[in-house]
Enquirer: 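Let me give you the structure first, and then I'll get to my questions.
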Amino acid sequence: LKPFWLRSAVLSTRPSQISNKIQFDEAAERQALAISGGMDFDLASKHKKEVEQRRRDAKRKLDQQRRDEAQQAAMEQEQRAREEVRLREAEEARLKAEQEARLNEGVRYIAWLRPYPSARTDDKLELPPSALDELEKQGALEKGTLLTFAVSLPSGPSSGSHAAPGHTHAGVAEFTAEEGSVGVPPRVALCLTKGAGLETLGAVSQVEVRYFRLPRSTKSRVKFQPRGEGFHAGGMNAVRMDLEHILQESLRGHTALTEGDWLPIRHDGYTYELVVKELEPEPHLALLDTDLTVEVLPSEQTEAELRAEEERKAREAAAAREAEERERLRLERAKLKAASLAPEPAPGPDVVQLMLRLPSGSRLSRRFSKATTFDQVLTWVESEPDSLVQPEEFRLVQKWPGHCRELGPAEAGDALSKLGFARQEALFLQHLTGNGAEAVEATEVAEAPSDNPMVNLAQASASVKAPGGGEWSAAEERAHEALDARIDGRPETPTAAIKEGNLEQLKGTELVGVFERLVAL
């Protein structure tokens with residue numbers, strides 16, 4: 001047995017030790033829970049971040065996959081579209097070739113040739129010998145048909161019924177041109193270049209020449225329109241000429257006509273240009289064994305003036321109809337305004353006698369009570385047919401020496417007594433927009449210069465070509481000289497004769513060129 005004091009000491013210290021141990025255990029447990037909770041929170045946060053990162057990566061991958069699929073689909077669509085265009089163009093080319101084959105009786109010739117100027121007065125080309133060989137191989141010469149071709153600039157259409165800028169039809173004079181080139185006369189060059197000028201052909205490396213069998217007709221009709229001012233010197237005096245004779249000589253030897261062509265004719269050293277506006281029975285015809293009826297239309301400027309006159313008359317008629325309708329509505333409104341007026345009061349001290357002077361010089365008068373508002377006066381003015389007013393388009397002017405006041409809708413709610421009206425008042429009617437102003441405005445519109453490009457022509461219809469300027473201009477001058485001689489009845493030396501000399505002196509192979517030209521004709 002322990003001593004009593006030792007047992008007492010042990011017994012006295014045990015409860016505190018137990019308490020401290022319990023407290024230590026609880027603190028340790030709380031710390032462990034805290035550590036465990038912190039670890040759980042870190043793990044949860046890390047897991048959440050990983051989930052979000054995986055979600056973003058998956059979304060990014062899905063978006064990229066969708067973009068790739070969309071890009072692939074777009075590329076496939078574009079490829080299909082290109083393939084469809086290629087197939088359609090191939091089909092169009094096939095149909096076009098078949099159509100050309102039917103029209104040309106199976107003959108097909110197309111070449112890109114360098115143009116050079118020819119001084120011929122007709123519309124016949126000078127083609128290389130290879131063209132004759134190819135046409136002869138296909139039996140074009142055996143068919144006995146007239147050899148005609150469609151000529152186009154690179155920017156123009158390769159074929160078609162109407163002659164667009166850079167396109168026309170022509171015949172062939174000879175097959176003596178250098179290989180890879182074609183001789184183009186001024187008449188054909190003008191149809192290709194139109195207003196751009198013949199010298200622009202010098203900048204063209206190649207033109208397309210395609211065999212095109214033109215239709216023929218025993219009877220045909222053409223409508224020419226003079227360009228610009230037409231046959232007027234300075235737009236004033238008409239030029240007197242034998243137009244029938246000039247046209248016959250100008251078209252002599254021509255092979256073809258196409259709608260849209262420009263035909264130059266000559267008179268007294270001047271060049272007048274005619275446009276083929278209409279051609280019957282086809283928009284392009286061969287001029288061989290045909291009875292051609294010619295009709296000359298008013299010039300471009302005259303047509304523009306006539307069109308402007310018709311437009312002016314149409315505007316005037318529309319303005320007259322509008323004015324008539326406005327007047328009808330005004331009279332109907334005047335009747336309604338008159339019905340809405342209060343009865344005219346008898347003369348008295350509280351009554352105002354108004355006298356209204358109209359712009360025409362006539363007068364109107366009526367009595368109103370001083371308690372009446374001014375809008376009744378305005379209604380009275382609108383109810384009078386002779387006033388010729390429209391709502392809110394007039395004012396009543398009170399005027400005497402040293403005093404002038406305009407009265408209108410702003411004073412409509414004021415009583416006459418508030419406006420200071422005496423027992424008798426004189427007012428003047430003032431139109432804000434009168435009929436006269438409208439008429440003046442309409443006249444100014446009608447007389448204003450037209451912005452129609454046909455009126456303000458950039459160049460004259462008749463011009464004198466200055467000598468020089470280029471090989472195309474020089475060739476045109478030589479052709480003009482030959483055409484002037486033909487029109488005036490002076491002897492001329494044909495271009496073929498210049499090159500060939502006397503036929504009686506030609507022998508052997510020298511006759512080959514003559515034979516080729518005869519075949520082409």
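Just the heavy atoms: all of them, side chains too, but no hydrogens, waters or symmetry mates, feed the values below. Note that the structure is predicted; figures quoted are calculated from it, not measured.
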Enquirer: Does the salt bridge (charged side-chain N to carboxylate O under 4.0 Å, His left out) test come out yes or no for R86 and E83, once each step is laid out?
Expert: CA-CA 5 Å; R86 187 188 66 80; E83 182 65 17; 2.4 Å; yes
Enquirer: When you look at CD of E69, are more than 12 heavy atoms from neighbouring residues, nucleotides or ligands closer to it than 6.0 Å?
Expert: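 Check passes, neighbour count above 12.
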Enquirer: Taking all non-hydrogen atoms of both residues into account, name the closest pair between E273 and L190 and its distance.
Expert: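 Here E273 and L190 meet closest at OE2-CD1, 4.1 Å.
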Enquirer: Distance alone, cut at 3.5 Å: any donor-acceptor contact between the side chains of E199 and S473?
Expert: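 Side chains of E199 and S473: pair found under 3.5 Å.
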Enquirer: Is K313 paired with E310 through a side-chain N to carboxylate O contact shorter than 4.0 Å?
Expert: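 Salt bridge between E310 and K313, a charged N being under 4.0 Å from a carboxylate O: no.
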Enquirer: With E322, which residues qualify under side-chain contact (heavy atoms from CB on, under 4.5 Å), at least two apart?
Expert: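 R326.
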Enquirer: Minimum heavy-atom separation for S118 to E126, with atom names?
Expert: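 Looking at all heavy atoms of both residues, the shortest contact is OG-OE2, 3.2 Å.
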Enquirer: Under a 3.5 Å threshold, yes or no: a donor from one side chain and an acceptor from the other, between Q301 and S299?
Expert: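 Per modelled atom types, Q301 and S299 side chains form no pair under 3.5 Å.
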Enquirer: Verify whether one side chain among S217 and E282 offers a donor that lies under 3.5 Å from an acceptor in the other.
Expert: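 No - no donor-acceptor pair under 3.5 Å links their side chains.
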Enquirer: Are a donor atom and an acceptor atom from the side chains of E471 and Y116 found within less than 3.5 Å of each other?
Expert: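 No pair is found: no donor N or O on one side chain lies under 3.5 Å from an acceptor on the other.
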Enquirer: Please walk me through it: do V151 and V184 pass side-chain contact (heavy atoms from CB on, under 4.5 Å)?
Expert: CA-CA 10 Å; V151 187; V184 181; 5.7 Å; no
Enquirer: Say you draw a straight line from CG of L329 to CD of Q390; how long is it, rounded to the nearest 0.5 Å?
Expert: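 Answer for the CG-CD pair, L329 versus Q390, is 8.0 Å.
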Enquirer: What's the shortest heavy-atom distance between F175 and V172, and which atoms?
Expert: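 Heavy-atom minimum between the residues: CZ-CG2, 3.9 Å.
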Enquirer: Which residues satisfy the side chain to side chain donor-acceptor pair (under 3.5 Å) test with E84, sequence neighbours excluded?
Expert: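 E84 satisfies side chain to side chain donor-acceptor pair (under 3.5 Å) with no residue once adjacent residues are dropped.
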Enquirer: Between D484 and R266, is the closest basic N to carboxylate O distance under 4.0 Å?
Expert: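 Yes.
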Enquirer: Is any side-chain N of the basic residue among R252 and E249 closer than 4.0 Å to the acidic one's carboxylate O?
Expert: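 E249 and R252: salt-bridged.
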Enquirer: For the residue pair T290 / S220, report whether a side-chain donor-acceptor contact shorter than 3.5 Å exists.
Expert: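 Yes, a side-chain donor-acceptor pair sits under 3.5 Å.
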Enquirer: Could you tell me how the ring of H267 sits relative to the ring of Y272: parallel (under 30°), tilted (30 to 60°) or perpendicular (over 60°)?
Expert: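 If you compare the ring of H267 with that of Y272, the planes turn out tilted.
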Enquirer: Are H254 and R187 linked by a side-chain donor-acceptor pair shorter than 3.5 Å?
Expert: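 Checked: H254/R187 side chains pair up, N/O donor to acceptor below 3.5 Å.
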Enquirer: Is a donor from one side chain sitting under 3.5 angstrom from an acceptor on the other, for T148 and H169?
Expert: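 Short answer, no.
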Enquirer: Only one of E382, E332, E384 forms a salt bridge (charged side-chain N to carboxylate O under 4.0 Å, His left out) with K337, so which one is it?
Expert: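 Filter result, single survivor: E382.
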Enquirer: Give the minimum heavy-atom separation between L198 and W472, together with the two atoms involved.
Expert: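 Shortest heavy-atom contact: O-CG, 3.8 Å.
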Enquirer: If you measure only the distance, is there a donor-acceptor pair under 3.5 Å linking the side chains of R67 and Q64?
Expert: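 Yes.
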Enquirer: Check the side chains of Q225 and E300 for a donor-acceptor pair under 3.5 angstrom, ignoring hydrogens and angles.
Expert: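 No, because no side-chain N or O of E300 sits under 3.5 Å from a partner of the opposite role on Q225.
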Enquirer: Answer yes or no: is there an ion pair linking K277 with E259, defined by an N-O contact shorter than 4.0 Å?
Expert: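 E259 and K277: not salt-bridged.
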Enquirer: I'd like to know if E325 pairs up with R328 as an ion pair, taking the criterion as any Lys NZ or Arg NE/NH1/NH2 lying under 4.0 Å from an Asp or Glu carboxylate oxygen.
Expert: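 Answer for the salt bridge query: yes.
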Enquirer: Report yes or no: do Q72 and D68 form a side-chain donor-acceptor pair below 3.5 Å?
Expert: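 Checked: Q72/D68 side chains show no N/O donor-acceptor pair below 3.5 Å.
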Enquirer: Does the side chain of R486 come within less than 4.5 Å of T121's, by heavy atoms?
Expert: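 Yes, close enough: below the 4.5 Å cut-off.
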Enquirer: Under the 3.5 angstrom rule, does the side chain of S387 hit a backbone N or O of V381 as a donor-acceptor pair?
Expert: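 It does hold such a pair.
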Enquirer: Do L247 and V294 have side chains that get closer than 4.5 Å, going by heavy atoms?
Expert: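 Contact flag for L247/V294 side chains = yes.
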Enquirer: For Q430, check side-chain contact (heavy atoms from CB on, under 4.5 Å) against everything at least two apart and list the hits.
Expert: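 Partners of Q430 under the side-chain contact (heavy atoms from CB on, under 4.5 Å) test: V397, E406, L432.
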Enquirer: Should we say atom CZ of R80 is surrounded by more than 12 heavy atoms from elsewhere, each under 6.0 Å from it?
Expert: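 Enclosed: over 12 neighbouring heavy atoms sit under 6.0 Å from CZ of R80.
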Enquirer: Answer yes or no: are there more than 12 heavy-atom neighbours, outside Q79 itself, under 6.0 Å from its atom CD?
Expert: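 No, CD of Q79 has 12 or fewer neighbouring heavy atoms, counting only those of other groups under 6.0 Å.
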Enquirer: State, yes or no, whether a side-chain contact exists between R227 and V275 at a heavy-atom distance under 4.5 Å.
Expert: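 When only atoms from C-beta onward are counted, V275 and R227 do touch, with a gap below 4.5 Å.
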Enquirer: I'd like to know if R321 pairs up with E324 as an ion pair, taking the criterion as any Lys NZ or Arg NE/NH1/NH2 lying under 4.0 Å from an Asp or Glu carboxylate oxygen.
Expert: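 Salt bridge between R321 and E324, a charged N being under 4.0 Å from a carboxylate O: no.
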Enquirer: In this structure, are over 12 heavy atoms from other groups packed under 6.0 Å from E178 atom CD?
Expert: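 Atom CD in E178 is not packed in, count stays at 12 or less.
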Enquirer: How about E392: does its CD atom have over 12 heavy atoms from other parts shown lying under 6.0 Å from it?
Expert: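 Not buried by this count: 12 neighbours or fewer within 6.0 Å.
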Enquirer: Below 4.5 Å, heavy atoms only, C-beta onward: do P359 and L429 meet side chain to side chain?
Expert: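 Heavy-atom side-chain distance check passes, below 4.5 Å.
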Enquirer: Just wondering, do V222 and L292 contact through their side chains at under 4.5 Å, heavy atoms?
Expert: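 Contact flag for L292/V222 side chains = yes.
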Enquirer: Check P115 against S205 and note the closest heavy-atom contact, atom names and distance.
Expert: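 Distance-wise, the nearest heavy atoms are CD-O, 3.8 Å.
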